[in-house]
Amino acid sequence: MAMSSSRAAMIRGRRVGAVSPPLPALARHARAMASLFGHVEPAPKDPILGVTEAFLADPSPDKVNVGVGAYRDDNGKPVVLECVREAERRIAGNLNMEYLPMGGSIKMIEESLKLAYGEDSDFIKDKRIAAVQALSGTGACRLFADFQRRFLPDSQIYIPSPTWSNHHNIWRDAQVPQRTFTYYHPESRGLDFAGLMDDIKNAPNGSFFLLHACAHNPTGVDPTEEQWREISYQFKIKNHFPFFDMAYQGFASGDPERDAKAIRIFLEDGHQIGCAQSYAKNMGLYGQRAGCLSILCEDEMQAVAVKSQLQQIARPMYSNPPVHGALVVSIILNDPELKSLWLKEVKGMADRIIGMRKALRENLEGLGSPLSWDHITNQIGMFCYSGMTPDQVDRLTNEYHIYMTRNGRISMAGVTTGNVAYLANAIHEVTKTK
């Protein structure tokens, strides 16, 4: 039936009127919405990512970035491993990109557990490990922190001093109370083992401790095997729970088995442990966010329950993890030929870092530096905790266009044969006088 012209006009008028309030009302609404977020201040710059931003903005042709936490080749360029390229060739056009389960890729998890716990681990055979794919090491730590908060609400976490700055953010945002424990000895540029052991002994029984499995970030200082055994023994006496962040397995020494030694010692001593694994550094999968969280439980039944809860925590966070990085990892680790290539390539990366440590130390000593630089080669992994003060770091930036975090942490991945002499000379200039 045709609508009368008067009714149509009335409906048109009602529609227009319903969505077009007077202009003063719109202005008042806009002001109210603006004030809703008016109290929000800009967040402080991330101390690590801010270094890269400043480096990129510097027009100097001599600039050097030794703040970046990503591997570079000897020309200062990002690297994609050949084993990763081959895995991607196998993936391309051959596999679908459907959702993974909440817990992630079963194949990737299986291979990750073999790396961390051992190829023939009885814990794997007995299905005592609750494990889920995580958003790299950061995501694994955050999942565990939320699990800790939810199921052990009266617990706190002991974090080494110093540590990777994001560790504090992770447990803070998960609302887990934090304490620190002694780790680094500034005078020796090494481990404060006595202080560390005192803090372990003095912590309340059953405390949670965050431990770096290898290549401690930012110091590059690791306990010796004997020291790890003493730490494990004291943990046993105090019934502490060790949570290992293992971001550099294989990348530290070039040998994944050696880099997992601390974890194996704790397993031999009968500890239940947690472990965060990342494939950012050791496979160069920085942007793929590929990692694994695992928790060793009393038995299979407990592991099933714990895994189900980890999945429930992940569900409202991100629903399920990304598939591409998981496919790359599982293909490499499950294929003997590709795994052998990966072991060769990760050793090559580690050896280049070790070589740059030696070259930097030799250049500093060759300049007649009055300081001891033994710690450069005694430390391990991507980072060197140089011992330089914030003022000295500022001079490096302002006078020599060398960028690093103000705590004096040097990313050895940014040191190349082309810039090592320039870097050494600049460090010598800012450190030779008090």
Side-chain angles (χ1 to χ4, degrees), residues 113 115-124 126 128-130 141 144 148 152 154-163 167 171 176 178-185 188-217 219-249 252-253 255-277 293-299 302-303 306 378-381:
L113 295 184
L115 270 184
Y117 294 81
E119 191 80 26
D120 300 314
S121 169
D122 288 335
F123 304 117
I124 298 174
D126 295 340
R128 285 181 52 189
I129 306 172
C141 287
F144 181 82
Q148 181 184 349
L152 297 125
D154 296 326
S155 67
Q156 55 189 353
I157 184 80
Y158 279 79
I159 295 178
S161 178
T163 192
H167 281 144
W171 270 268
V176 176
Q178 299 179 35
R179 301 285 298 274
T180 59
F181 67 92
T182 303
Y183 190 85
Y184 182 68
H185 190 262
S188 68
R189 311 282 196 268
L191 183 67
D192 188 345
F193 186 64
L196 182 153
M197 292 299 287
D198 283 343
D199 287 349
I200 292 172
K201 292 173 184 176
N202 293 328
N205 288 0
S207 293
F208 283 66
F209 277 75
L210 171 66
L211 303 173
H212 296 230
C214 60
H216 180 274
N217 180 3
T219 69
V221 174
D222 287 351
T224 65
E225 181 175 330
E226 185 54 41
Q227 286 171 332
W228 274 123
R229 294 191 184 280
E230 291 187 49
I231 293 168
S232 174
Y233 176 75
Q234 194 59 47
F235 265 55
K236 198 71 175 175
I237 292 174
K238 296 288 292 185
N239 196 33
H240 293 329
F241 183 90
F243 181 76
F244 289 96
D245 188 357
M246 186 159 58
Y248 298 96
Q249 187 180 9
S253 69
D255 180 359
E257 287 296 300
R258 178 178 171 183
D259 292 343
K261 188 62 179 178
I263 289 176
R264 306 293 172 78
I265 288 170
F266 274 71
L267 294 175
E268 289 167 10
D269 289 346
H271 294 276
Q272 286 184 254
I273 71 165
C275 181
Q277 291 171 265
L293 167 65
S294 57
I295 301 174
L296 177 60
C297 301
E298 289 283 357
D299 52 38
Q302 189 181 92
V306 170
N378 290 339
Q379 295 169 8
I380 190 171

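For clarity, every value in this text was computed on a predicted model and none was experimentally measured.
Residues forming a side chain to side chain contact (heavy atoms under 4.5 Å, CB included) with S121 (at least two apart in sequence, or on another chain): Y117, F123, I124. Qualifying side-chain hydrogen bond (donor to acceptor under 3.5 Å, both in side chains) partners for D222, counting only residues two or more places apart in sequence or in other chains: none. Residues that satisfy the ring-ring contact (aromatic ring centres under 6.0 Å, His included) test with F209, not counting sequence neighbours, are Y158, F181, F235, H240. Residues satisfying the side-chain hydrogen bond (donor to acceptor under 3.5 Å, both in side chains) test with N202, not counting sequence neighbours, are none. With sequence neighbours excluded, the residues that form a salt bridge (charged side-chain N to carboxylate O under 4.0 Å, His left out) with E225 are R229. A search for side chain to side chain contact (heavy atoms under 4.5 Å, CB included) contacts involving D269 returns S232, I265, H271, not counting sequence neighbours. Legend: residues meeting side-chain hydrogen bond (donor to acceptor under 3.5 Å, both in side chains) with Q148, ordered by chain and number and at least two apart, are S155, W171. Take E298 and apply the salt bridge (charged side-chain N to carboxylate O under 4.0 Å, His left out) test, not counting sequence neighbours, and it matches no residue. Among residues two or more places apart in sequence or in another chain, the side chain to side chain contact (heavy atoms under 4.5 Å, CB included) test is passed with E257 by D255, R264. Partners of D192 by side-chain hydrogen bond (donor to acceptor under 3.5 Å, both in side chains), not counting sequence neighbours: none found. When the side chain to side chain contact (heavy atoms under 4.5 Å, CB included) test is applied to N205, the partners found at least two apart in sequence or on another chain are K238.
Between A213 and W228 the shortest heavy-atom distance is O-CZ2, 4.1 Å. Shown here for Q272 and C297, the closest heavy-atom pair between the two residues is NE2-CA, 3.4 Å. Minimum interatomic distance between G270 and K236 (heavy atoms only, all atoms of both residues): O-NZ, 2.9 Å. Between F266 and P242, the closest heavy-atom pair is CD2-CG, 3.6 Å. The two residues I159 and Q178 have their closest heavy-atom pair at CD1-OE1, 3.5 Å. Across R189 and V221, no two heavy atoms sit closer than the pair O-CG2, 3.7 Å.
Put simply, CG on D299 and CZ on R128 are 7.5 Å apart, with the number rounded to the nearest 0.5 Å. Note: L196 CG to T182 OG1 = 7.5 Å, rounded to the nearest 0.5 Å. A distance of 11.5 Å separates CD1 of I129 from CG of L293, quoted to the nearest 0.5 Å. To the nearest 0.5 Å, atoms OG (S253) and OH (Y248) are separated by 14.0 Å. The CD1 atom of I263 sits 5.5 Å away from the CZ atom of F244 when rounded to the nearest 0.5 Å. To the nearest 0.5 Å, atom OH of residue Y233 and atom CD1 of residue I200 are 13.5 Å apart.
With a 4.5 Å cut-off on side-chain heavy atoms, F243 and C141 count as touching.
Screening T163, D245, N217 for a side chain to side chain donor-acceptor pair (under 3.5 Å) with H212, the sole residue that qualifies is T163.
Using cut-offs of 30° and 60° on the angle between ring planes, the pair F208 and F241 is tilted.
Judged purely by atom type and a 3.5 angstrom limit, H216 uses its side chain to pair as donor or acceptor with the backbone of P162. A side-chain donor-acceptor contact under 3.5 Å links Q249 to the backbone of P256.
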Using the rule given for side-chain contact (heavy atoms from CB on, under 4.5 Å), can you reason through L113 versus S294, listing the C-alpha separation, both sets of side-chain angles and the distance that settles it, and then say yes or no? CA-CA 8 Å; L113 295 184; S294 57; 3.7 Å; yes
Assess whether side-chain contact (heavy atoms from CB on, under 4.5 Å) is satisfied between F193 and E230, documenting all intermediate values. CA-CA 10 Å; F193 186 64; E230 291 187 49; 3.6 Å; yes
